[in-house]
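Written out below as structure tokens is the structure these notes cover.
Reckoned from all heavy atoms, side chains included, excluding hydrogens, waters and symmetry mates. Chain naming here is simple, since letters A, B, ... match the order of the sequence lines and numbering starts at 1 in each.
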Amino acid sequence: MLHFHNTLTRSAEPFVPLDPEGKKVKVYTCGPTVYNHAHIGNFRAYLFEDLLQRHLEYRGFQVERVMNLTDVDDKTIRGAREKGVPLAEFTQPFKNAFFEDLTTLRIKPADAFPAATEPLHIARMIAMIAQLIATGHAYQADDQSVYFRIASFPRYGKLAHLNLDELRPSGRVSSDEYEKESIGDFALWKAHDVADGEVKWDSPWGPGRPGWHIECSAMATGMLGDRLDIHCGGVDNIFPHHEAEIAQTECCTGEKFVNLWMHCAHLMVDGRKMAKSFGNFYTLRDLLDKGWTGREVRYVLLSAHYRLPLNFTFEGLAGARSALQRLDAWQQRLADLAGTAQASTPPPAAAEDKFAAALDDDLNISAALGALFDLVRETNRAMDRNELSPKQARGLLDYWARLNTVLRLEPEAAAIPPEITALLAERTAARTAKDWAKSDILREALLQHGWLVKDTKEGTKVSCTKG
RNA sequence: GGCGGGGUAGCCAAGUGGUAAGGCCGGGCUCUGCAAAAGCCCUAUGCGACGGUUCGAUUCCGUCCCUCGCCUCCA
């Protein structure tokens with residue numbers, strides 16, 4: 001039985017899909033605002049969601065997932081203005097980069113990536129806002145913007161467990177929002193401002209643009225229906241974003257919007273919040289430029305429990321590289337032993353149960369990886385003693401292939417380049433001639449090219465050190 | 001001020017009312033032309049501090065310390 005921690009109730013709950021058949025699972029995940037390259041903190045959230053989806057699928061559920069792209073907000077508009085290009089032209093490269101990054105990190109694409117500026121979604125947002133006004137949940141203020149009236153929704157604050165009477169201004173509230181009935185009322189429709197330039201849509205309340213929260217409500221219900229199984233995001237989205245989504249959506253649909261809210265904790269870098277001013281701010285591209293690979297970053301960001309703050313360090317990345325190479329070596333050794341064996345012996349059932357059962361428990365990835373490494377040690381030991389048959393090796397490889405549909409930690413498919421093959425042949429010749437000096441020089445040369453040479457009983461083997 | 005997450009070996013990190021998974025690093029050994037890889041062994045009388053409950057607490061309760069975060073558009 002799967003259990004997940006629900007932010008709303010702050011406790012672990014058995015997972016039961018809305019689907020009467022118990023098969024289909026509807027998941028909505030808050031995506032990036034495309035004003036910049038996403039940073040590794042963003043990707044921690046997307047990797048957590050990837051793990052969630054893959055494990056649900058491992059357990060036989062059919063996941064339908066939607067991730068939005070916020071391509072209109074203060075930051076995107078500012079960026080477009082500074083660059084002197086239309087909004088869409090400004091955001092497109094960042095959308096493209098985001099998809100490339102997802103591929104690099106082996107994150108399974110959502111079934112749909114709706115963007116806020118698509119006419120279909122703008123229309124739905126306007127329709128929802130109109131309905132909210134008609135039912136008294138929203139009003140147009142003197143500044144022409146439309147606000148949600150939180151006083152009309154008593155449950156507002158339930159998700160974040162905030163007592164609205166005790167909120168104190170954080171200084172982030174802009175001072176010109178006195179038009180609102182209550183300080184907590186949030187914008188559904190922002191009246192056009194000169195600073196918005198050409199960015200505007202017509203609406204019954206005049207030209208303007210949608211507020212951030214309504215975007216997710218419209219796209220989530222528009223694409224997945226009025227009720228969702230799971231809605232994810234970072235903890236910083238709990239308030240006000242997800243709180244606002246609940247209020248807007250439930251006032252429109254009259255249904256319980258989301259059954260299970262899951263939020264991942266923040267990523268820290270070198271023990272502190274990642275910020276450009278601290279010099280510890282990294283995008284995925286920054287790490288790739290330093291020679292790290294997508295799967296290494298994936299491993300690091302995935303290997304700690306999602307609800308715990310994760311401290312990212314380069315020492316941790318190096319540790320990930322070592323651990324992954326050990327897994328690679330284990331698979332290679334199994335593959336060599338299995339040879340062409342077809343018949344597969346079932347893997348140790350207990351081991352499989354441990355891995356999947358750990359993930360069943362609110363995605364306890366640490367325990368799951370612990371179970372995997374136990375298996376690695378045990379089977380390596382068996383191979384040392386020649387106590388593992390080719391059939392058993394094949395069975396273990398089959399088992400690994402199943403686990404890997406969740407982990408996706410296989411080596412980068414690195415074809416050996418011709419020049420490397422040539423160097424290897426030259427070295428083999430030198431070794432046959434017992435010219436150890438030349439052999440060692442060639443080994444070092446290969447290492448410089450990024451290829452690690454191992455002379456084993458079965459012959460010389462080579463593996464890429466970058467991956 | 002309100003609310004919440006953390007403090008477990010050099011680093012990362014599971015976990016339990018009954019005596020501490022796993023990964024990385026480090027040391028020793030086996031194998032090897034050397035190396036690498038792999039395996040085995042070693043590496044926390046200790047789980048932020050102090051009290052309490054208990055036959056027994058890292059695990060429960062209390063107080064305190066440190067740290068990170070949210071409090072109206074940051075994953």
**Prompt:** To the nearest Å, how far apart are A/Ile238 CD1 and B/C73 C1'?
**Reply:** 15 Å
**Side chain A/Glu243, main chain A/Gly157, donor-acceptor under 3.5 Å** = yes
**Item:** Between B/A38 (P) and A/Leu327 (CG): distance, integer Å
**Value:** 10 Å
**Asked** Say you pick atom C1' in B/C65 and the same atom in B/G56; how far apart are they, in whole Å?
**Response** 27 Å
**Among B/C12, B/G5, B/A36, the nucleotide that comes nearest once only the side chain of A/Pro309 is considered** = B/G5
**Prompt:** B/A36 and B/A49: how far apart are their C1' atoms, nearest whole angstrom?
**Reply:** 47 Å
**Request:** Write down the distance separating the P atoms in B/C25 and B/C40, rounded off to the nearest Å.
**Result:** 15 Å
**Prompt:** Expressed in angstrom and rounded to an integer, what is the separation of A/Phe312 atom CZ from B/A13 atom P?
**Reply:** 13 Å
**Prompt:** How does protein reach along nucleotides 20-25 of chain B, written 5' to 3' as B (base within reach of a heavy atom under 4.0 Å), S (only sugar-phosphate), or - (no contact)?
**Reply:** -BSSSS
**Request:** Go through A/Gln53 and A/Glu49 one step at a time and tell me if the side-chain hydrogen bond (donor to acceptor under 3.5 Å, both in side chains) criterion holds.
**Result:** CA-CA 6 Å; A/Gln53 171 165 14; A/Glu49 291 153 3; over 6 Å; no
**Prompt:** Would you call A/Arg285 and A/Asp101 a salt bridge, taking side-chain N to carboxylate O under 4.0 Å as the test?
**Reply:** yes
**Message:** Between B/C41 and B/C3, how far apart are the two C1' atoms, rounded to whole Å?
**Reply:** 49 Å
**Nearest-angstrom distance, C1' atom, B/U45 to B/A57** = 14 Å
**Request:** For A/Asp236 and B/C70, give me the distance from atom CG to atom P, rounded to whole Å.
**Result:** 7 Å
**Message:** At 4.0 Å (heavy atoms only), tell me whether A/Arg431 reaches a base, stays on the sugar-phosphate, or touches nothing.
**Reply:** base
**Request:** Any strand is fair game: report the nucleotide pairing with B/G51 by Watson-Crick or G-U wobble, both distances under 3.5 Å, or none.
**Result:** B/C61
**Item:** Identified pairing partner of B/C74, criterion: Watson-Crick or G-U wobble below 3.5 Å
**Value:** none
**Asked** NA contact type, A/Ser439, heavy-atom cut-off 4.0 Å: base, sugar-phosphate, or nothing?
**Response** base
**Request:** Could you pick out which residue, A/Trp330 or A/Gly184, lies toward the 5' side of RNA chain B when each is mapped onto its nearest nucleotide?
**Result:** A/Trp330
**Message:** Classify A/Arg209 by what it touches in the nucleic acid, base, sugar-phosphate, or nothing, heavy-atom distance under 4.0 Å.
**Reply:** nothing
**Request:** Could you tell me whether A/His263 contacts a base, only the sugar-phosphate backbone, or nothing, with contacts defined as non-hydrogen atoms closer than 4.0 Å?
**Result:** nothing
**Message:** Do the side chains of A/Asp50 and A/Arg408 get close enough for a salt bridge, i.e. N-O under 4.0 angstrom?
**Reply:** no
**Message:** Would you say A/Arg443 places a side-chain N or O within less than 4.0 Å of OP1 or OP2 belonging to B/A36?
**Reply:** no
**Short N-O contact, A/Asp73 and A/Lys190, less than 4.0 angstrom** = no
**Request:** Calculate the interatomic distance between A/His266 atom NE2 and B/G4 atom C1'; express it in whole Å.
**Result:** 12 Å
**Request:** For B/U43 and B/G10, measure between their P atoms and round to the nearest Å.
**Result:** 14 Å
**Message:** Checking A/His39 against A/Tyr282 for the ring pair (Phe, Tyr, Trp, His ring centres under 6.0 Å) test, could you report, in this order, the C-alpha distance in whole Å, the side-chain angles of both residues, the deciding distance, and whether it holds?
**Reply:** CA-CA 6 Å; A/His39 56 69; A/Tyr282 299 107; over 10 Å; no
**Asked** Roughly how many Å is it from CG in A/Asp455 to P in B/A38, rounded to a whole number?
**Response** 15 Å
**Request:** Look at A/Asp193 together with A/Arg209 and state whether they make a salt bridge at an N to O cut-off of under 4.0 Å.
**Result:** no
**Fill in**
Separation of B/U72 atom P from A/Lys158 atom NZ, nearest Å, is 21 Å
**Prompt:** Under a 4.0 Å N-O cut-off, is there an ion pair linking A/Arg333 with A/Asp336?
**Reply:** no
**Item:** Charged N-O contact under 4.0 Å between A/Arg381 and A/Asp384
**Value:** no
**Message:** Nearest to the A/Ala329 side chain among B/A37, B/A13, B/G39, which nucleotide is it?
**Reply:** B/A37
**Request:** Assign each of A/Pro240 and A/Ile40 to its nearest nucleotide of RNA chain B by heavy atoms, then name whichever residue's nucleotide is nearer the 5' end.
**Result:** A/Pro240
**Request:** Assign A/Val300 to base, sugar-phosphate, or nothing according to its heavy-atom contacts below 4.0 angstrom with the strands shown.
**Result:** nothing
**Any-strand Watson-Crick or G-U partner of B/A21, both distances under 3.5 Å** = none
**Pair A/Tyr35, A/Asp74: side-chain N/O donor-acceptor within cut-off below 3.5 Å** = no
**Message:** Return the OH to CG distance between A/Tyr147 and A/Leu188, rounded to the nearest 0.5 Å.
**Reply:** 10.0 Å
**Prompt:** In whole Å, what separates the P atom of B/U58 from that of B/A9?
**Reply:** 15 Å
**Request:** Could you tell me whether the phosphate oxygens of B/G15, OP1 or OP2, come under 4.0 Å of any side-chain nitrogen or oxygen in A/Asn364?
**Result:** yes
**Prompt:** Taking atom types as they are modelled, is there a donor-acceptor pair under 3.5 Å from the base of B/C74 to the side chain of A/Lys75?
**Reply:** no
**Asked** Got a sec? Which of residues 380-388 of chain A come in under 4.0 Å of RNA chain B, heavy atoms?
**Response** A/Asn380, A/Arg381, A/Asp384
**Asked** Taking atom types as modelled and ignoring hydrogens, do the side chains of A/Asn68 and A/Thr70 form a donor-acceptor contact shorter than 3.5 angstrom?
**Response** yes
**Asked** With rounding to whole Å, what would you report as the distance between B/C61 and B/G7 at their P atoms?
**Response** 15 Å
**Request:** May I have the distance from A/Glu181 (atom CD) to B/U72 (atom C1'), rounded to whole angstrom?
**Result:** 16 Å
**Message:** For B/A38, give the paired nucleotide (Watson-Crick: N1-N3 plus N6-O4 or O6-N4; G-U: N1-O2 and O6-N3; both under 3.5 Å), or none.
**Reply:** B/U30
